[in-house]
A.B. asks: 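After the structure tokens below, expect a handful of questions from me.
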Protein chains: 2
Amino acid sequence: MTSPVVSSRDLPHPAREEIRLESVLHALSDPMRLRIVRELAAVGDELSCSRFDLPVTKSTTTHHFRVLREAGVIRQIYRGTAKMNGLRRDDLDGLFPGLLDALLDAAARQAARVGV
Amino acid sequence: MTSPVVSSRDLPHPAREEIRLESVLHALSDPMRLRIVRELAAVGDELSCSRFDLPVTKSTTTHHFRVLREAGVIRQIYRGTAKMNGLRRDDLDGLFPGLLDALLDAAARQAARVGV
DNA sequence: CGACTCGTACGATAGGCATCGTAGTACGGG
DNA sequence: CCCGTACTACGATGCCTATCGTACGAGTCG
């Protein structure tokens with residue numbers, strides 16, 4: 001059978017059962033990463049890394065996306081030269097029902113309170 | 001009027017409006033501190049530090065309680081030689097409705113899944 | 001007072017991590 | 001085939017932090 005590889009480069013993701021709450025919380029405890037996740041949730045679709053306008057260098061951006069991926073918060077796949085990022089909403093909702101929405105709501109409330 | 005000081009030693013707590021989501025998530029991203037908060041929520045009352053049987057020294061325990069207090073997750077007051085710890089549920093619920101319950105539920109689910 | 005318990009303070013240590021810069025790899029288009 | 005774009009890898013740096021041990025302070029009880 002022909003190989004089902006979509007892209008030649010694959011990225012390691014934790015399986016749903018391997019996702020740890022502590023790692024998710026740690027990933028979201030960084031302002032830059034929380035911002036990324038909020039933006040992903042707002043768009044509701046996959047976004048390439050370059051679509052984010054973060055006040056850090058590309059190296060640092062790569063680092064943050066890797067932390068989010070290894071924590072199981074986002075899924076990353078290569079599509080051409082772009083690296084698409086999507087929230088693992090189904091996995092997170094399956095493991096921790098209501099948590100992601102509560103977190104996003106909390107972040108939105110704080111943003112509204114403190115000022116974007 | 002006579003001074004309303006209950007105990008001679010007072011501890012610094014962030015006001016409700018000063019509590020930051022990132023700090024709360026960071027505080028709860030440590031297994032030891034998540035365990036403390038889960039126990040506090042389960043009991044539903046104040047507990048002295050010594051009521052917790054944690055696999056770390058007393059110095060480290062003190063450190064974890066301080067992180068939780070400075071993040072605004074718990075409130076600590078001295079009562080005699082004991083230092084009582086209580087969840088700041090009203091403040092957290094006021095700032096981030098549903099978040100604490102979602103977090104506690106998520107922690108309980110993971111504990112049930114992985115094994116206490 | 002004196003002993004004991006509870007918790008703190010301080011220093012040390014080892015590891016983690018957010019950030020950067022530079023050099024490099026993968027892919028797509030002319 | 002060469003170039004540009006997108007992202008990575010690696011090393012450095014400075015800061016934060018989880019942990020410990022020891023020495024100390026504050027209360028309580030005999």
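Chain letters run A, B, ... following the sequence lines, proteins first and then strands; every chain starts at 1.
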A.B. asks: Measure CZ/Phe65(A) against P/dT19(C) and give the value in whole Å, please.
C.D. replies: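 Going from CZ in Phe65(A) over to P in dT19(C) covers 13 Å.
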A.B. asks: So what does Ser50(B) hit on the nucleic acid, given a heavy-atom distance under 4.0 Å: a base, only sugar-phosphate, or nothing?
C.D. replies: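 Contact class for Ser50(B): sugar-phosphate only.
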A.B. asks: Which part of the nucleic acid, if any, lies within contact of Arg33(B), taking any heavy atom under 4.0 Å across all strands shown: a base, the sugar-phosphate backbone alone, or nothing?
C.D. replies: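 Sugar-phosphate only.
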A.B. asks: Name the nucleic acid region contacted by His63(B), choosing base, sugar-phosphate or nothing; use a 4.0 angstrom heavy-atom cut-off, strictly under.
C.D. replies: base
A.B. asks: Mark yes or no for a side-chain to base donor-acceptor pair under 3.5 Å between Thr62(B) and dG7(C), with no hydrogen or angle criteria applied.
C.D. replies: no
A.B. asks: In terms of side-chain heavy atoms of His26(A), which of dG7(C), dC17(C), dG21(D) is nearest?
C.D. replies: dC17(C)
A.B. asks: Which whole-number value in Å describes the distance from Asn85(A) CG to dC7(D) C1'?
C.D. replies: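 Rounded to the whole Å, the gap is 11 Å.
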A.B. asks: What do you reckon, is CZ of Arg51(B) surrounded by more than 12 foreign heavy atoms closer than 6.0 Å?
C.D. replies: no
A.B. asks: Would you mind checking if Asp91(A) and Arg75(A) are paired as a salt bridge, meaning a charged N to carboxylate O distance below 4.0 Å?
C.D. replies: yes
A.B. asks: Kindly say if Arg79(A) contacts the phosphate of dA6(D), meaning a side-chain N or O under 4.0 Å from OP1 or OP2.
C.D. replies: no
A.B. asks: Nearest 0.5 angstrom please: Ile77(B) CD1 to Leu11(B) CG, how far?
C.D. replies: 9.5 Å
A.B. asks: Going by distance alone, is a donor N or O of one side chain under 3.5 Å from an acceptor N or O of the other, for Thr60(A) and Thr57(A)?
C.D. replies: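 Thr60(A) vs Thr57(A): donor-acceptor pair found between side chains.
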A.B. asks: Respond yes when some side-chain nitrogen or oxygen of His64(B) is under 4.0 Å from OP1 or OP2 of dT17(D), and no when none is.
C.D. replies: no
A.B. asks: To the nearest Å, give me how far apart CG (Leu28(A)) and P (dA18(C)) are.
C.D. replies: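 Answer to the nearest Å: 12 Å.
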A.B. asks: Please give, in whole Å, the distance from dA18(C) P to Arg35(A) CZ?
C.D. replies: 16 Å
A.B. asks: Please report, rounded to the nearest Å, how far the P atom of dT5(C) is from the OH atom of Tyr78(B).
C.D. replies: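 It is 19 Å, rounded to the nearest whole Å.
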A.B. asks: Measure NZ/Lys58(B) against P/dA23(D) and give the value in whole Å, please.
C.D. replies: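 My rounded result for the distance is 14 Å.
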A.B. asks: So which one's nearest nucleotide on DNA chain C is more toward 5', Met32(A) or Arg51(B)?
C.D. replies: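 Looking at DNA chain C, the more 5' nearest nucleotide goes with Arg51(B).
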A.B. asks: Starting the side chain at C-beta, find the nucleotide from dA9(C), dA9(D), dC6(C) nearest to Arg66(A).
C.D. replies: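 The closest nucleotide is dA9(D).
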A.B. asks: Whether the side chain of Thr81(A) and the base of dG28(C) hold a donor-acceptor pair under 3.5 Å is what I'd like checked.
C.D. replies: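 Counting by modelled atom types and ignoring angles, no donor-acceptor contact under 3.5 Å is found here.
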A.B. asks: To the nearest angstrom, how far is Leu11(B) atom CG from dA26(D) atom C1'?
C.D. replies: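 Nearest whole value for this atom pair: 13 Å.
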A.B. asks: Please determine, for the side chain of Ser59(A), which listed nucleotide (dC17(C), dG21(C), dA18(D)) has the closest atom?
C.D. replies: dG21(C)
A.B. asks: Under 4.5 Å between any side-chain heavy atoms of Arg33(A) and His63(A), yes or no?
C.D. replies: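 Yes; the side chains approach each other to less than 4.5 Å.
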A.B. asks: Among the candidates dC20(C), dA18(C), dG7(C), find the nucleotide nearest to the side-chain atoms of Val56(A).
C.D. replies: dC20(C)
A.B. asks: Between dT5(C) atom P and Phe52(B) atom CZ, what is the distance in whole Å?
C.D. replies: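 Distance, rounded to whole Å: 21 Å.
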A.B. asks: Under 4.0 Å, counting only non-hydrogen atoms across every strand here, what does Ser48(B) touch: a base, just sugar-phosphate, or nothing?
C.D. replies: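 The answer is sugar-phosphate, as Ser48(B) gets under 4.0 Å only of primed atoms, P, OP1 or OP2.
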A.B. asks: Should Asp53(B) and Arg35(B) count as an ion pair when the cut-off is N to O under 4.0 Å?
C.D. replies: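 Not counted as a salt bridge, because no side-chain N and carboxylate O are separated by less than 4.0 Å.
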